[in-house]
Number of protein chains: 2
Amino acid sequence: MPDLAALELLLAVARLGSLGRAAREVGITQPAASGRIRSMERQLGVALVDRSPRGSRLTEAGALVTDWARRIVEAAEAFDVGAQALRDRRDSRLRVAASMTIAEYLLPGWLIALRARLPDTAVSLIAGNSAVVAGQLLGGQADVGFVEGVGVPAGLDGVVVAQDRLVVVVAPGHVWARRRVPLGAAELSATPLILREEGSGTRAVLEAALGALARPLLELSSTTAVKSAAVSGAGPAVLSELAVGEELAARRLVRIPVEGVRLRRELRAVWPVGHVPVGPVRELLSLTRGAP
Amino acid sequence: MPDLAALELLLAVARLGSLGRAAREVGITQPAASGRIRSMERQLGVALVDRSPRGSRLTEAGALVTDWARRIVEAAEAFDVGAQALRDRRDSRLRVAASMTIAEYLLPGWLIALRARLPDTAVSLIAGNSAVVAGQLLGGQADVGFVEGVGVPAGLDGVVVAQDRLVVVVAPGHVWARRRVPLGAAELSATPLILREEGSGTRAVLEAALGALARPLLELSSTTAVKSAAVSGAGPAVLSELAVGEELAARRLVRIPVEGVRLRRELRAVWPVGHVPVGPVRELLSLTRGAP
DNA sequence: GACACTCATAACCCCAGGTTATGCCCTCAT
DNA sequence: ATGAGGGCATAACCTGGGGTTATGAGTGTC
C-alpha cells in the first residue's frame, strides 16, 4: 500500500503535469518524486504516468488510481484539520465545543471550508455532550457550540443548522434488503433491533417517535459497534444517517424505507444568550446553514 | 500527519483493547506498536489511549480521532481493492470491464462487498468507454461489463443496476446557493455552465434533456477539472451525483434543485447475449442490484 | 547552437520504525 | 503470600526506504 505522501504527490503530478513541479509543490526534489512514483508503479504493477521530455501525463489507469487516491487524501485532510483543532487548545481565535456526532461527521468538513475563507484563523475543538458544551460556552471557554437533540440548553441561544435523520439499515443479505414496501411504525416497534444503550441520544429519539420498543436484539455502547454488528448481519439497526453514509454507498448496508414515523432531530449551533455571533463565529455559521 | 499503518494500528487498538494484541494483528511487535502510538500522540499533541496494566482504552479525543481515521482507512481499502483488480490482469477468475464513472465511484465498494462473500476470487478490472467494454466482452477478455448511457451495445444483454442523476451545483458563495425556488429548464438552458467537452457522456445527457444549451462558461476535459472549477467559484456546473457526494457533504458545493428536467441515465451491467450470469458474476450482480 | 525545460541514474546519507531483551506493574489463582 | 501471566515501557541495536546532490540525456524553442 502506498503511503499518504506518495498519493499526494500523485495528485500534484496529475494537477501540474510535471514530476518536477509536483516535487517542488510537496517540498521534495525531483529525483525523489521520480523515485516515489516509480516505486508506486512497481507496487501497483501498473504504469501511472506517461513521461515525456516535455511533461508527464496520467495514463488511463493512472487517472483511475488518482481518483481513488483523491478520496483518501480528502479524508486525510478532514482528519488533519480535526486533529489540529484538537491540538490547538491554546490561544485559538475560534473555540468550538461540539457534540460527538457533530464533531465526528460534520465539523471536519466545515473546518475545511472555513479554512478556505479564513486561512489564518486557528480553531480549537472540545467534544462532549450537551452539558459539556453548555458549560464551555457559559464559562467563556468556547465561542460557539453545536448540540444535537431537542431544545436549547438554558442560558443559550441557537439556530438549527442541520437535520439528522435516523435510518433503519440491514446488511445486504438480510431479508428486509429485498422488500420493496416501506416499513410501518408498528412493524418497526415490534422488531428487535440493534441499538445504542439506554440513554443515548439516538435511542431517545427512536423511543420518542415509536412509543414502545421491542426488547433490543443487542445493546452496544458506541455507534461504531452498532454499525459493525449491522454490517456483519446481526440484524436491523437504527442509526444516524450521518453515520452510515459510507456504508450505504458501498452497499455494506441497505437502507430500509420507513413510513409514518418521524425520525429526525435538529442539530443546532448555540451561543450564550446575548452574544450575537460575529467574526469567525458568524463565518462558520454561514457555512453550516442548510447543511444536510 | 500520521501514516496509514499507524491509523490501522489505532483502529486495531480501539477494537481489541490492547496494544499488544493490536500489534499482533497488524503483524508487528508490542514495543513497535507502543512506540507508534506514542509518536502519533506526540504529533497530535493529545493523549489517544489510556494505558493500564490490564489493557488500553481510547480516551475521548482518541475516540474522535479514531472515527476520523476510520474514514481514511476505509478509503484506503477501496483504493487497495481497486488497485489489486487493476494489477491482477492475469488469470483472474472474474474479469470486469467498466466505464470510467462506474470504475471510479461504484466498483471499489462493490469489490469490497464481493470480497466479503467470495474472499478467494481474484478480480481484474479494465476501464474504458462503452465500445471498449463491448469489445472486451465479445472478445472473451471479460466476464461482465458495466456501462452508462442509453441502451445496451449490440450483441450484449444487460440489466439496469443503478441510476445516475445529474445535479446542478455551485460553490457556497454563489448567488444560486441562496435561492430557494427550484431552477426551471428554461433558466438552466439559458445559463452558461461549466461542462465537460462536447461528446462526453454527461454532456450528452444534458443536451438530450434540455434541447439547446447556452454556450458553456468553461469546457474542461475531466470530471475532476469541472468539479474543481465549480468549487473555486467559477460558476454553476452540471455533474454526476456520484462525483459530487463528498463535496456536497463537506459543503464545498451546494446542490441546486431543478424541476421539469429529467437528468438521469441508467447504469447497466452487461454480458454477451446468451451468457446467463452464473457464479461470481451472478454474485457481483446481486450486490449491485438496487444500488444508488 | 545555446538555453530551458523535461526526466533518469548514480552515489551517498540518515533516521524512522522495526527488532530483541528486559523490567515494572497489576491482577488473579493457587 | 506468592508466583504466573498479561500489559506496557525502556534501552540498545539494526536496517532499508526515501531523502539529498550531482550529473547526463532527450526534446523543443529562441
Side-chain angles (χ1 to χ4, degrees), chain A residues 1-59 61-63 65-66 69 72-73 76 80 83, chain B residues 1-59 61-63 65-66 69 72-73 76 80 83:
Chain A
M1 187 75 202
D3 83 11
L4 278 172
L7 298 180
E8 279 176 50
L9 175 63
L10 181 62
L11 294 186
V13 171
R15 187 153 29 83
L16 301 173
S18 146
L19 289 186
R21 249 173 303 168
R24 230 169 302 137
E25 186 175 82
V26 306
I28 59 178
T29 56
Q30 172 265 318
S34 188
R36 283 210 85 137
I37 295 285
R38 188 151 15 114
S39 85
M40 203 161 152
E41 289 178 318
R42 221 186 28 246
Q43 280 183 325
L44 301 182
V46 185
L48 298 175
V49 308
D50 264 340
R51 285 94 160 154
S52 88
R54 39 185 233 289
S56 293
R57 211 75 215 124
L58 291 181
T59 61
V65 166
T66 302
I72 303 182
V73 170
D80 194 42
Chain B
M1 186 76 202
D3 84 9
L4 279 172
L7 299 180
E8 280 176 51
L9 175 64
L10 180 63
L11 295 187
V13 171
R15 186 153 28 83
L16 300 173
S18 147
L19 290 186
R21 249 173 301 169
R24 230 168 300 137
E25 186 176 81
V26 306
I28 60 178
T29 56
Q30 172 265 316
S34 188
R36 281 208 85 130
I37 296 284
R38 192 163 6 138
S39 83
M40 203 161 150
E41 290 178 318
R42 222 188 23 250
Q43 280 184 325
L44 301 182
V46 184
L48 298 175
V49 307
D50 263 338
R51 286 93 161 153
S52 89
R54 39 185 235 287
S56 294
R57 210 77 215 122
L58 292 180
T59 61
V65 167
T66 302
I72 304 181
V73 171
D80 194 43

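Here the structure is a predicted model, which means the values were calculated and not measured. All chains are named by letter (A, B, ...) in the order of the sequence lines, taking the proteins before the strands, and each is independently numbered beginning at 1.
Closest of all the heavy-atom pairs between A/Met40 and A/Pro2 is CG-CB, 4.0 Å. Of all heavy-atom pairs between B/Leu58 and B/Ala63, the closest is CD1-CA, 3.9 Å. Nearest heavy-atom pair across A/Leu44 and B/Ala83 is CD2-CB, 3.7 Å. Taking both residues in full, the closest heavy atoms of B/Gly62 and B/Thr66 are given as O-OG1, 2.5 Å, listed atom of the first, atom of the second, then distance. Residues B/Ala12 and B/Val26 come closest through the heavy atom pair CB-CG1, 4.3 Å.
Projected onto DNA chain D by closest heavy-atom contact, B/Arg24 and A/Gly35 fall at different nucleotides, the more 5' of which corresponds to B/Arg24.
Over its full length, the helix from C/dG1-D/dC30 to C/dT30-D/dA1 turns its helical axis through 20°, comparing axes from the five pairs at each end and rounding to 10°.
The distance from atom CG of B/Leu7 to atom CG of A/Leu4, rounded to the nearest 0.5 Å, is 7.0 Å. Note: B/Leu10 CG to B/Leu48 CG = 6.0 Å, rounded to the nearest 0.5 Å. For the atom pair CD1 of A/Ile37 and CG of A/Leu19, the computed distance is 6.0 Å after rounding to the nearest 0.5 Å.
Protein atom CZ of A/Arg38 is 6 Å distant from nucleotide atom P of C/dA8, rounded to whole Å.
Of all the residues in residues 10-20 of chain A, A/Ser18, A/Leu19, A/Gly20 reach under 4.0 Å from DNA chain C with at least one non-hydrogen atom. In the region residues 26-33 of chain B, proximity to DNA chain C at under 4.0 angstrom, judged on heavy atoms, holds for B/Ile28, B/Thr29, B/Pro31, B/Ala32. Remark: A/Pro53, A/Arg54 in residues 39-55 of chain A come within less than 4.0 Å of DNA chain D through at least one heavy atom.
The side chain of B/Arg36 contributes no N or O atom lying less than 4.0 Å from OP1 or OP2 of C/dA16.
Within the structure, salt bridge (charged side-chain N to carboxylate O under 4.0 Å, His left out) pairs that include any residue of residues 47-59 of chain B comprise B/Glu41-B/Arg51 (at least two apart or interchain). Residue pairs satisfying the salt bridge (charged side-chain N to carboxylate O under 4.0 Å, His left out) criterion with at least one member in residues 17-34 of chain B, sequence neighbours excluded, are listed as follows: B/Arg15-B/Glu25. The side chain to side chain donor-acceptor pair (under 3.5 Å) contacts involving residues 26-39 of chain A comprise A/Asp3-A/Arg36, where partners must be two or more places apart or lie in separate chains.
A 4.0 Å heavy-atom criterion places the boundary nucleotides of DNA chain D facing chain B at D/dG6 to D/dT10, written 5' to 3'.
Between the side chain of B/Thr59 and the backbone N or O of B/Ala47, at least one donor-acceptor pair lies under 3.5 Å.
The side chain to side chain contact (heavy atoms under 4.5 Å, CB included) test applied to A/Glu8 returns A/Val73, not counting sequence neighbours.
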